[in-house]
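Presented below is the structure to which this report refers.
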Amino acid sequence: MMAQLLRIARLAERCDRSGESAAEAIGQDGLRDQARRRLMLGAVAATTTAAAGVVAPTALAATAKVSRTLYARMTRIRGVAVVGAGLAGLGCALELARNGVGAKVFEAGTRVGGRCWSLRGFFPGQVAERGAEFIGGSHHAMLGYAREFGLQLEEFSRYPGLPYYHFQGRSYTEAQVVEEFRAFADCIREDLNALNHPTADRYTEADSTFDFMSLDDYLLMYGASGVLRHIIGAAYAAEFGARLDELSAISFLRFVYGDRRSKFGAYGADRGDQFHVVDGTDRITTAMAERLPVPVQLGHRLVAARRMAGGRVRLTFDIGGRRVQSDHDAVVLALPFSVLRDVELHSSLGLPAWKRLAISNAAMGDNSKTLVGFKQPYWYVRHERNGSGSADLARLQTTWESNPINGSDTRAVLSHLAGGALARSMLPGTVQADARALLGDLDSVLPGAMESVQRDAKGQLLAVTENWSANPLSKGSYSCPRPGYFTSVAHNEAKPVENVFFAGEHTSSFYEWQGFMEGAALSGLRAANEACNLMLGR
């Protein structure tokens with residue numbers, strides 16, 4: 001939905017420059033998109049047909065050559081602990097091994113991957129994502145991992161059909177939405193010129209004003225129409241898992257109107273290209289773990305950390321109710337701050353006030369995913385829609401079709417992403433009731449949902465819900481910029497403290513890839529480089 005919102009913003013700006021109507025701009029944009037997609041499909045073909053190792057990045061190829069005996073010796077002598085076996089932690093450990101630095105990876109859960117968790121064997125012939133799903137066209141680290149591991153990708157913009165927009169009791173065309181946005185955008189140009197890229201270390205009075213202003217107050221101040229507020233609200237509920245009054249106004253101004261360095265800037269290279277690993281996103285993290293010289297230590301929940309007299313860091317883990325200590329020359333904490341807050345971080349670590357503030361205040365959004373199986377992609381068969389869209393109904397917020405490349409006339413999967421209070425209320429035990437309520441609202445927008453849904457042998461709806469806020473190993477979905485975030489926390493998440501380093505999507509800059517798998521992957525490489533500089537005396 002955020003990609004659609006950014007497309008709307010880009011089209012509105014084009015209309016202002018060219019004098020075209022929204023309908024004319026959409027038509028011309030479609031022609032350009034067809035040419036772009038031909039180029040992108042060629043790139044995807046090159047990506048998906050590359051066998052593992054043929055185009056292996058130097059880092060991964062070199063890691064595979066490190067013998068387990070040598071690596072065990074390195075670990076004993078100069079050990080680094082990496083806590084968390086998600087994308088960030090695994091990427092960090094691989095890079096440390098490539099540089100000859102021994103590392104042990106500890107994971108609290110029973111599997112690797114973190115919020116990359118794919119669902120197989122539930123929907124016949126299809127793989128759906130419980131968590132992270134989309135890889136952008138400019139997410140080069142993630143695309144590189146997919147190439148390295150020989151994983152097939154599907155590109156979502158190639159699939160036919162239009163998105164839907166249903167707000168305040170009626171449906172809107174994309175052209176109508178663009179015109180709504182165009183009228184609002186004229187009001188805020190002066191604010192865009194006054195706003196910088198604020199961080200906790202550098203901001204102006206104007207930056208602070210916008211930062212502590214909620215997005216809801218900002219939209220109301222400029223008289224954004226009711227339908228536009230609902231559209232932006234739906235996009236941000238999905239993107240950040242929060243209501244408009246729970247988000248900083250800067251999250252709108254610097255996301256939608258980002259510059260060329262931004263993740264999805266209106267002039268950026270990404271242009272909404274979205275890829276999905278056909279056999280599941282967690283194939284990447286599983287392959288990363290398999291490349292490590294020593295296995296990930298599962299079932300190790302971090303409960304305390306302190307610095308010893310000699311400077312080494314002592315970690316205390318809970319392993320099935322038993323406490324075990326482990327000392328290391330350096331530590332990379334690659335777990336969300338929402339979870340790190342439950343760890344006893346001893347004063348001996350010397351964490352300064354700004355770091356403790358970041359750990360305490362960096363927020364996570366509330367998101368739940370409901371995956372529902374259908375007998376066919378009825379949204380296209382009956383309505384010529386692609387399954388993507390948003391609404392402001394009680395149980396329907398944002399949807400898209402998952403794994404369409406493996407769909408057919410007899411099967412399809414629709415993902416529904418809920419944010420905020422609705423997301424918090426959705427639990428595995430309520431999945432049948434939640435799915436029925438979702439289908440009821442979907443029926444009012446795209447009739448035929450209830451009769452097209454798949455059921456199992458017992459007559460139960462074929463549906464699964466994953467509530468990331470209720471998951472004790474994440475306690476949220478991904479980073480969420482609350483009012484005040486940009487001028488009190490931003491850019492302090494990633495800063496190391498002596499031999500303690502930090503990684504994860506939350507440590508990536510909001511102006512880069514925070515909240516994305518790309519941010520997690522790059523943060524792992526950055527933390528590994530920092531640890532290598534310390535360990536190797538560079």
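- Other residues, nucleotides and ligands contribute more than 12 heavy atoms inside 6.0 Å of the CG atom of Asn193.
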*Start with the C-alpha distance between Trp379 and Phe374, add both sets of side-chain angles, then the distance that settles ring pair (Phe, Tyr, Trp, His ring centres under 6.0 Å), and finish with yes or no.*
CA-CA 10 Å; Trp379 41 88; Phe374 288 84; 5.2 Å; yes

*Apply side-chain hydrogen bond (donor to acceptor under 3.5 Å, both in side chains) to the pair Ser118 and Asp282, showing each step before the final yes or no.*
CA-CA 6 Å; Ser118 307; Asp282 66 8; 3.2 Å; yes

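- Aromatic ring centroids of Tyr159 and Tyr380 lie 6.0 Å or more apart.
- For the side-chain hydrogen bond (donor to acceptor under 3.5 Å, both in side chains) with Arg395, the qualifying choice from Asp434, Thr370, Asp441 is Asp434, the only one to do so.
- Taking every heavy atom of both residues into account, Ser523 and Ala88 meet most closely at OG-CB, 3.6 Å.
- Under a 3.5 Å cut-off, the side chain of Lys495 and the backbone N or O of Lys355 do not form any donor-acceptor pair.
- The CG atom of Leu393 sits 11.5 Å away from the CG atom of Asp443 when rounded to the nearest 0.5 Å.
- Between the CH2 atom of Trp468 and the CZ atom of Arg115 there is a distance of 8.0 Å, given to the nearest 0.5 Å.
- Distance OG/Ser390 to CD/Gln397: 9.5 Å, rounded to 0.5 Å.
- Arg254 and Asn196 make their closest contact through NE-O, 2.9 Å (heavy atoms, listed as atom of the first residue, atom of the second, distance).
- Distance alone, capped at 3.5 Å, is enough to place a donor-acceptor pair between the Gln126 side chain and the Asn403 backbone.
- Residues that satisfy the salt bridge (charged side-chain N to carboxylate O under 4.0 Å, His left out) test with Glu518, not counting sequence neighbours, are absent from this structure.
- By the 30° and 60° cut-offs, the orientation of the rings of Tyr218 relative to Tyr222 is tilted.
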_As a quick check of understanding, evaluate ring pair (Phe, Tyr, Trp, His ring centres under 6.0 Å) for Tyr485 and Phe510, giving each step before the final call._
CA-CA 10 Å; Tyr485 163 79; Phe510 176 89; 7.3 Å; no

*Check against side chain to side chain contact (heavy atoms under 4.5 Å, CB included), Arg229 and Leu220*: CA-CA 8 Å; Arg229 286 183 65 246; Leu220 288 171; 3.7 Å; yes

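- The backbone N or O of Thr281 sits less than 3.5 Å from a side-chain atom of Glu129, completing a donor-acceptor pair.
- Within the 3.5 Å criterion, the main-chain N or O of Leu461 finds a donor-acceptor partner in the side chain of Gln432.
- At least one donor-acceptor pair closer than 3.5 Å links the side chain of Arg385 to the backbone N or O of Pro163.
- In this structure, Tyr511 and His491 have perpendicular ring planes: the angle between them is above 60°, well past the 30° mark.
- The two residues Ala490 and Pro198 make their nearest non-hydrogen contact at CB-O, 4.4 Å.
- Of the possible polar contacts, one joining the Ser248 side chain to the Asp211 backbone as a donor-acceptor pair under 3.5 Å is found.
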*Would you please test His416 and Thr399 for side-chain hydrogen bond (donor to acceptor under 3.5 Å, both in side chains) and show each step?*
CA-CA 4 Å; His416 174 248; Thr399 66; over 6 Å; no

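- Looking only at distances, a side-chain donor or acceptor of Asn386 sits under 3.5 Å from a matching main-chain atom of Gly161.
- Classified by interplanar angle (parallel below 30°, tilted 30° to 60°, perpendicular above 60°), the ring pair Phe167/His230 is tilted.
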*I would like to know whether Trp400 and Glu133 meet side-chain hydrogen bond (donor to acceptor under 3.5 Å, both in side chains); could you show each step before the answer?*
CA-CA 11 Å; Trp400 64 88; Glu133 182 161 358; 3.3 Å; yes

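- Under the 3.5 Å distance criterion, the side-chain polar atoms of Thr430 are left unmatched by any main-chain donor or acceptor of Ala433.
- Residues Glu505 and Gln514 have side chains in contact (heavy-atom distance under 4.5 Å, counting atoms from C-beta outward).
- One distance of note links OG of Ser477 with CD of Glu239; it measures 9.5 Å at 0.5 Å rounding.
- Residues Val372 and Leu442 fail the side-chain proximity criterion, which asks for heavy atoms closer than 4.5 Å.
- Panel note: side chain Thr204, backbone Asp207; a donor-acceptor pair is recorded below 3.5 Å.
- Under a 3.5 Å cut-off, the side chain of Asn367 and the backbone N or O of Ala418 do form a donor-acceptor pair.
- Between the CZ atom of Arg130 and the CG atom of Asn471 there is a distance of 10.5 Å, given to the nearest 0.5 Å.
- Crowding of Arg202 atom CZ: a count of heavy atoms from other residues, nucleotides or ligands under 6.0 Å not exceeding 12.
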*Kindly indicate, with the supporting measurements, whether the criterion side-chain hydrogen bond (donor to acceptor under 3.5 Å, both in side chains) is fulfilled by Thr465 and Ser368.*
CA-CA 7 Å; Thr465 290; Ser368 291; over 6 Å; no

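- Rounding to the nearest 0.5 Å gives a distance of 5.5 Å between NE2 of His383 and OH of Tyr378.
- At least one side-chain heavy atom of Phe502 sits under 4.5 Å from a side-chain heavy atom of Leu340.
- Leu87 places a side-chain heavy atom less than 4.5 Å from the side chain of Ile284.
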